[in-house]
Each structure stands twice: as C-alpha cells, then as structure tokens.
Amino acid sequence: MKKVHLSLKILFNVILILSLVLNIFLILQKVELLKLDELQSKEDKLDVNAIEEYVWIATMTSHEMYVEHDQKALKQFGKEKGIKVTIEGPKQYDIPGQILAIEQAIKRKPAGIMVLGMEKSLIPAVNKAVEAGIPTITVDADLPESKRLAHVGSNWFDIGVKQGEAMAKLIGGKGKVAMLGIGGADNMQEGFKGFKSVLSNYSDIIVLGEFDDMSDVDEAYRITKELLTQHLDIAGIAGFDSNSGPGIGKAIKEMDMVGKVKVTSVDMQPQHVQLLKEGVIHKLIGQKRELFTYYGAQLLYDINHSNINITPQDEMNNITSIPEMIYTGLVEIDKNNVDKIFESTD
C-alpha cells in the first residue's frame with residue numbers, strides 16, 4: 001500500500017512538473033509571437049522602399065525662391081535617401097488650391113506630408129491627413145492649432161523684431177513707416193507684430209499700417225508709389241514677403257527716392273541682394289530655407305524609420321519621437337557684409 005501511495009505521489013509530482021514546463025513553454029511561445037508581431041509591425045512600417053513618397057505642398061510653387069531653395073533641398077534629400085519626393089500645389093497664391101492638393105495627396109497615403117501653413121484655413125486639411133495616419137508637419141509657416149506633428153522654420157516674430165530694430169536705427173528713431181506683406185498669411189501677421197513691438201518703444205515713430213501686396217511685385221510697386229505720393233515725409237518701408245522688397249525697390253528707384261526712404265526686407269534672392277548693393281534696400285533678413293526643408297523631410301523620414309521609443313505606449317498616447325519645434329535661424333545682411341556673404345566660390 002505504501003508503494004502504491006509513493007508511486008502516486010511521484011506520478012503527481014511528474015505531472016505537476018510537466019504542467020509547469022508546458023506553461024513555461026506556452027508563455028515563451030506567446031512572448032515570441034508578440035516579438036514577431038512587433039517586428040512585423042516595424043517591417044510593415046519600414047517596407048516602403050521604392051514606393052516611399054514624401055510630399056511637399058505649398059502655394060506659389062513656381063516661385064523662384066521655392067524652386068531654387070526649398071524644392072532644391074527636398075530633391076537633394078530624396079536623392080540621398082533613395083526615396084520619392086513630390087512637389088505639389090498651385091503655381092500662384094491660391095490657398096483653396098493648396099487645400100485641394102493636400103486632400104488629393106491624402107488619397108495616395110504617402111509616407112509623409114510637409115505643408116507650408118500660410119493660412120488657418122489649411123487646418124482642417126492638415127488634421128485630415130494626420131487622422132488618416134499620415135505623418136504631417138508644417139515648414140516655413142506654422143499652423144500651431146492644427147494636429148501637425150512638428151514645425152520647422154523661421155521665427156516670424158523674430159523676423160519682425162529684427163526688421164523693426166534695423167528700421168528704428170536707419171531712420172534715427174523718428175518718422176513715418178509702413179509694412180507690406182500678405183494680408184491673410186498668419187506668419188506675416190507674426191512678423192508685423194514683431195515689427196510693431198520694437199517701434200512701440202519709439203514715441204516719434206508713426207506706423208502708417210499694414211498693406212497687403214498679395215506677394216505680387218506689381219502690387220507692392222503700386223502700394224509703394226501710393227505711399228510715397230500720399231506721405232511725402234515717409235521715412236521707411238518694410239517688406240515681409242519675397243516679392244515685397246523688389247516691388248518697393250522698383251517704386252523707390254522710379255520716384256528718385258533712393259536713400260531718402262529707408263527699406264528693410266525679408267529674404268535674400270538675387271534681386272534683393274542687388275537692390276541692397278545699389279543702396280535701395282538697407283537691410284535684409286534672410287531665411288535658411290534649404291535647412292528647414294531638409295530638416296522637415298528628415299523628421300518625416302525619422303518617424304518612419306527610427307526605432308526610438310520615448311515610452312512603452314508612444315503611439316497610443318500620441319507621443320512622437322521627433323522634436324516638435326525647430327527654428328532654423330536667420331541671416332542678417334547689410335552693406336557691411338553682403339560682399340563677404342555672397343562672394344563667388346568660382
């Protein structure tokens with residue numbers, strides 16, 4: 001009887017051990033399956049090879065500034081990474097056309113979208129892209145109220161501050177000044193605010209207002225001629241879009257006011273630089289356009305390719321593994337450094 005009892009006890013222990021081993025095996029198998037699922041998920045995310053596409057969507061896409069700087073940098077990035085980069089959006093300033101371009105891009109489910117967020121009306125389209133699972137950021141001009149994952153670009157308030165500081169110095173802290181730019185563009189509004197924040201400290205400086213040149217050289221020219229005619233004692237004019245400076249300069253030269261009216265402007269295209277060398281423009285605030293476009297593409301690429309995790313549940317909690325804000329800085333140019341900056345390397 002004792003032998004039977006012992007045998008049963010041994011059998012029970014053997015069964016218990018086998019059960020524990022089986023449970024351990026099942027647990028390990030489950031862990032391996034979870035790892036495989038995670039690996040497959042990463043592979044699915046990374047397996048974009050030849051069809052991996054990043055889309056840059058703007059308005060005025062044929063503008064020389066965008067073609068020579070932003071688009072050039074984007075194409076360089078695409079070549080380096082071996083990916084497809086696409087440039088989309090209307091050739092003229094057309095926000096509804098830009099919205100349509102975003103909506104059309106969403107249908108293709110690209111690996112990432114960069115949007116130049118000029119106006120708040122773009123927010124629903126940007127949100128739609130994010131909600132569709134497409135990594136979407138803004139470059140150059142931001143839409144902070146949207147669901148965009150990050151922004152890379154210039155600090156437009158700072159652009160205004162630097163123009164304001166330069167203008168106050170150029171006109172000796174007194175006189176009438178005006179601002180030209182795109183009236184509906186949120187980044188321009190930030191620039192105007194920065195400009196006025198400086199000049200508000202000068203009781204003898206009168207700001208005539210903000211004038212919408214619609215980023216059109218001819219309109220900037222027309223507005224400037226009107227200002228020069230109606231305000232014979234105007235001391236300075238500041239330009240906030242890429243076409244403001246050339247339009248202002250054309251009117252200043254035509255009305256023989258070179259040197260008499262001080263001019264500051266954003267951007268450093270060849271025509272801006274030439275006007276500065278001629279003494280028509282006195283200060284340029286240049287943007288690092290290549291840099292913020294290249295960095296923007298890199299952020300989108302990193303979202304798809306980086307294995308960095310901030311927390312165990314990043315995706316569930318909308319935590320991204322990229323910086324949410326990158327300001328790329330500005331380049332200040334005047335008669336003292338223009339030749340050195342643009343010295344030929346030939």
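Nothing here was measured: the structure is a model prediction, and the numbers come from that model.
Counted by atom type alone, Asp302 and Gln298 present one or more donor-acceptor pairs between their side chains at under 3.5 Å. Counting only N and O atoms by type, the side chains of Tyr93 and Asp241 include no donor and acceptor under 3.5 Å apart. A side-chain donor-acceptor contact under 3.5 Å links His305 and Glu52.
Within the structure, the ring-ring contact (aromatic ring centres under 6.0 Å, His included) test picks out no pair touching residues 120-166 (sequence neighbours left out). Here ring-ring contact (aromatic ring centres under 6.0 Å, His included) pairs that include residues 261-297, with residues two or more places apart or in two chains, are Phe77-Tyr294.
Side-chain contact check for Arg108 versus Thr86: some heavy-atom pair is nearer than 4.5 Å. By the 4.5 Å heavy-atom criterion applied to side chains, Asp70 and Glu290 are not counted as neighbours. Between Phe240 and Glu210, the closest side-chain pair of non-hydrogen atoms is not below 4.5 Å.
A single hydrophobic cluster is seen to contain both Val263 and Met255, as judged by linkage of ILVMFWY side chains at heavy-atom distances under 4.5 Å, directly or through other members.
Summarising the geometry of Gln92 relative to Thr59, their closest heavy-atom pair is O-OG1, 2.8 Å, with the distance given to 0.1 Å.
The closest donor-acceptor contact from the side chain of Asn309 to the backbone of Thr311 lies at 3.5 Å or more, if one exists at all.
Considering Glu165, Lys162, Gln163 in turn, Gln163 is the only one that fulfils the side-chain hydrogen bond (donor to acceptor under 3.5 Å, both in side chains) rule with Thr264.
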